[in-house]
K.L.:
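Please find one structure pasted underneath; my questions will follow.
Throughout, numbering of the chain's residues begins at 1 and tracks the sequence. These figures come from a predicted structure and were not determined experimentally. All values below come from the heavy atoms of this structure, side chains included, with hydrogens, waters and symmetry mates left out.
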Amino acid sequence: MTALAAPPLASPTTAPAAVSKGLVPGVIIGLAVAYLTMPFAQATGGRDPWAVTKAGVVVLVALVAAKPWERLRVGTLALAVAVAVAAIAVCLVTPPGWFDATRASAYGLAAGAFVAVASYARSVQRAYLIGGIVAVAGAVQFCWSFVAWWGGRDQSVPMVGTFYWHNQFAAFLLAPALVALALLVRNRAPWRLVGWVVAPLAAAGIVYSSSRGGLGILIGGWLLIGILACRVRPNRGALVKWLAASVLAAGVTLAISGPPFFASSASPLAATQARANAGDTADANSAYRVRMWHEAVIVFSHHPVAGVGYGALESSAVNLTPATWPRSPLAHDDYLQALAEGGLLLGVPFIGACAAIGIGLLRSLRSRARRRVLDARTGLIVGAFALMAHAVIDFDWTYPALFTLAAVVSAAAIAPALRRPGAGTPRAVGMDIDRSRFTRLPIRVALVGVLAIAVAAGGIAGHRGSLQLGFGTKTVSPVAATATVAATG
């Protein structure tokens, strides 16, 4: 008789090793997202000296931890690489050269952060982690702003946060507000607590920023989540929670402009009214923006291949547009800004990537509405739409931290759609090993390598920080310069 060998005993270290293998990348990605949405944002929206360089190191570490060459499609990686490389190439082929290289590095940072988060946030649990961090970042940004605003003792002054400009402060709070609203409506512990704390604070911050565009987009996103709450199954009082959150947000907004914080109460719209009384009305603001968009289109039409370079929009427009038109190096539309400064060289991959993300967001939202699902990823989808919509009417992504936030939120929103078919399954891994020597795995590794080089190059080139607001002028303070030439509204 032949004795049957006993089956080998499972190693007691196998399960802990597997858990550790999955936990370490999660910790690294979580810390990276926390850094990019909090300390990086505190550095004047990412414009402080060396801020971009330090953020580049964080993104590089996150890329290694996320292993996107194993999980993402070749097309996704190729598009991210195209954006990062094209942004650097603009510095090489336009007259300004490395002037304001912080702008070039911001594209690489956003592309790298997008790839890292998209590779990681494939499951709903991971989407909750990313969404929770983004929401907390909103509360932190509000607290930084509120302390300074409260100390000014004047409710008619807008909140500006660490961006030192009201519109971008409001834009930053859009995603945290909408993600937090989704978290509280979904009512999943412990994330619901984050939602109840952050949603009213972020909403109040947007109101007190005096940003009319930000407030309009917040209301639209808030109502959209309310509509989805009516349809979610199982409902579990989702609509009641949405209504309660709306009442709480209104109450907090009214409360913080009166006692005990201030000696007397004032309207939450006092800053908006003060700007209108000073001539900064909605009509005047809209007219200014339309003129700036027209100016950017004209500059692009005269320099369609590689644009005029970073920071050269204003000086180029002087010779191409009537003298009575307003002047600014900022197009007040981030998509037109890319076309004017980088021409088709930057505009095609960048706008193509934005269009692909927008389509992915729309498909994901339709799918979740059809399945009647409302969770953290739903909030991320609505938040990503809000950030991309606000970028149409302002210069949000000239702030590297705000650009990176948009990339993080968008990546977490559509991560499942970007996953390589079968990635992570034993069968797919075996098949990939068999055929990768001559096909796609080396291509994916090479693409991630090029992306890492572009991020590193941008971090080195953009170490000086700041936003240089004139072609051939000395570097100026981002706060003073923006206040001088940027449009209000």
K.L.:
What is the minimum heavy-atom distance between Ala135 and Val194, and which atoms define it?
P.N.:
CB-CG1, 3.8 Å

K.L.:
Under a plain distance cut-off of 3.5 Å, with no hydrogens placed, do Ser156 and Asp154 share a side-chain donor-acceptor pair?
P.N.:
yes

K.L.:
Tell me whether His463 contacts the main-chain N or O of Ile460 through its side chain, where contact means a donor paired with an acceptor under 3.5 Å.
P.N.:
yes

K.L.:
Mind checking side-chain hydrogen bond (donor to acceptor under 3.5 Å, both in side chains) for Arg368 and listing every partner two or more places apart, or none if nothing turns up?
P.N.:
Asp375, Thr378

K.L.:
Regarding Tyr208 and Ser257, is there a side-chain donor-to-acceptor distance under 3.5 Å anywhere?
P.N.:
yes

K.L.:
Can you find a pair of side-chain heavy atoms, one from Ile414 and one from Phe114, that are under 4.5 Å apart?
P.N.:
yes

K.L.:
Kindly indicate whether the side chain of Leu178, heavy atoms from C-beta on, has any atom under 4.5 Å from the side chain of Leu218.
P.N.:
yes

K.L.:
For residues Tyr399 and Phe172, establish whether the separation of their ring centroids is below 6.0 Å.
P.N.:
no

K.L.:
Is there a side-chain contact between Val134 and Val409 (heavy atoms, below 4.5 Å)?
P.N.:
yes

K.L.:
Distance-only, no hydrogens or angles: does the Asp333 side chain make a donor-acceptor pair with backbone N or O of Leu336 under 3.5 Å?
P.N.:
yes

K.L.:
Are any side-chain N or O atoms of Ser267 and backbone N or O atoms of Leu269, one a donor and one an acceptor, separated by less than 3.5 Å?
P.N.:
yes

K.L.:
Any side-chain to backbone donor/acceptor pair from Thr398 onto Phe395? Under 3.5 Å, distance only.
P.N.:
yes

K.L.:
For Ala66, does its backbone N or O pair with a side-chain atom of Arg71 as donor and acceptor, under 3.5 Å?
P.N.:
yes

K.L.:
Closest heavy-atom contact between Val115 and Leu72?
P.N.:
O-CD1, 3.6 Å

K.L.:
Would a distance-only check, ignoring hydrogens and angles, find a side-chain to backbone donor-acceptor pair under 3.5 Å from Trp196 to Leu184?
P.N.:
no

K.L.:
Just verifying a value: how many Å separate Ile357 CD1 and Ser364 OG, rounded to the nearest 0.5 Å?
P.N.:
11.5 Å

K.L.:
Could you check whether any side-chain N or O of Arg275 sits under 3.5 Å from a backbone N or O of Thr281, counting only pairs where one atom can act as donor and the other as acceptor?
P.N.:
no

K.L.:
Any side-chain heavy atom of Ile206 sitting closer than 4.5 Å to one from Leu174?
P.N.:
yes

K.L.:
Is the shortest heavy-atom distance from the side chain of Pro259 to the side chain of Ser265 under 4.5 Å?
P.N.:
yes

K.L.:
Evaluate the criterion side chain to side chain contact (heavy atoms under 4.5 Å, CB included) for residue pair Leu361 and Phe385; output intermediate values, then yes/no.
P.N.:
CA-CA 7 Å; Leu361 291 171; Phe385 269 129; 3.5 Å; yes

K.L.:
Taking all atoms of both residues into account, what is the closest heavy-atom pair of Ala182 and Leu374, and its distance?
P.N.:
CB-CD1, 4.4 Å

K.L.:
Would you find a donor on one side and an acceptor on the other, under 3.5 Å apart, between the side chain of Gln337 and the backbone of Ala331?
P.N.:
yes

K.L.:
Name the one of Leu405, Asp48, Leu109 that satisfies side chain to side chain contact (heavy atoms under 4.5 Å, CB included) with Phe40?
P.N.:
Leu109

K.L.:
First locate atom CG of Leu380, then atom OH of Tyr128, and finally report the distance between them rounded to the nearest 0.5 Å.
P.N.:
10.0 Å

K.L.:
Drop me the distance from Tyr35's OH to Gln42's CD, to the nearest 0.5 angstrom.
P.N.:
10.0 Å

K.L.:
Going from CG on Leu451 to CG on Leu447, what distance comes out if it is rounded to the nearest 0.5 angstrom?
P.N.:
9.0 Å

K.L.:
Apply side chain to side chain contact (heavy atoms under 4.5 Å, CB included) to Arg103 and Val90, showing your working.
P.N.:
CA-CA 10 Å; Arg103 292 281 296 114; Val90 170; over 6 Å; no

K.L.:
Gln273 and Asn277: side chain to side chain donor-acceptor pair (under 3.5 Å), yes or no, with the steps?
P.N.:
CA-CA 6 Å; Gln273 187 60 48; Asn277 293 340; 2.9 Å; yes

K.L.:
May I ask you to check whether Phe142 and Trp149 place their ring centers less than 6.0 Å from one another?
P.N.:
no

K.L.:
Using 0.5 Å steps for rounding, measure from the OG atom of Ser328 to the CZ atom of Arg291.
P.N.:
14.5 Å

K.L.:
Check the pair Trp242 / Leu181 against side chain to side chain contact (heavy atoms under 4.5 Å, CB included), numbers first and verdict last.
P.N.:
CA-CA 7 Å; Trp242 179 86; Leu181 180 62; 3.8 Å; yes

K.L.:
Which pair of heavy atoms, one from Trp191 and one from Leu183, lies closest together, and at what distance?
P.N.:
O-CB, 3.7 Å

K.L.:
Kindly give the heavy-atom pair with the smallest separation between His166 and Ser209, and that separation in Å.
P.N.:
CB-O, 3.0 Å

K.L.:
Would Asp394 and Leu330 satisfy side chain to side chain contact (heavy atoms under 4.5 Å, CB included), going step by step from the backbone distance to the final call?
P.N.:
CA-CA 8 Å; Asp394 224 318; Leu330 303 169; over 6 Å; no

K.L.:
Step through it carefully: locate the ring centre of Phe350, locate the ring centre of Tyr107, and say whether they are under 6.0 Å apart.
P.N.:
yes

K.L.:
Do the non-hydrogen side-chain atoms of Lys241 and Asn187 ever get within less than 4.5 Å of each other?
P.N.:
yes

K.L.:
Taking Ser211 for its side chain and Ala170 for its backbone only, find out whether a donor-acceptor pair lies under 3.5 Å.
P.N.:
no

K.L.:
Which heavy atom of Met388 sits nearest to which heavy atom of Trp397, and what is that distance?
P.N.:
CA-CZ2, 4.3 Å

K.L.:
Say you draw a straight line from CG of Leu387 to OG of Ser410; how long is it, rounded to the nearest 0.5 Å?
P.N.:
7.0 Å

K.L.:
Could you check whether any side-chain N or O of Trp293 sits under 3.5 Å from a backbone N or O of His332, counting only pairs where one atom can act as donor and the other as acceptor?
P.N.:
yes

K.L.:
For Arg212, is there an ion pair with Asp280 - N to carboxylate O distance below 4.0 angstrom?
P.N.:
yes

K.L.:
Any side-chain heavy atom of Leu402 within less than 4.5 Å of one from Phe163?
P.N.:
yes

K.L.:
Is there a donor-acceptor contact under 3.5 Å linking the side chains of Thr162 and Gln141?
P.N.:
yes

K.L.:
Any heavy-atom pair between the side chains of Arg47 and Pro400 that's under 4.5 Å?
P.N.:
yes

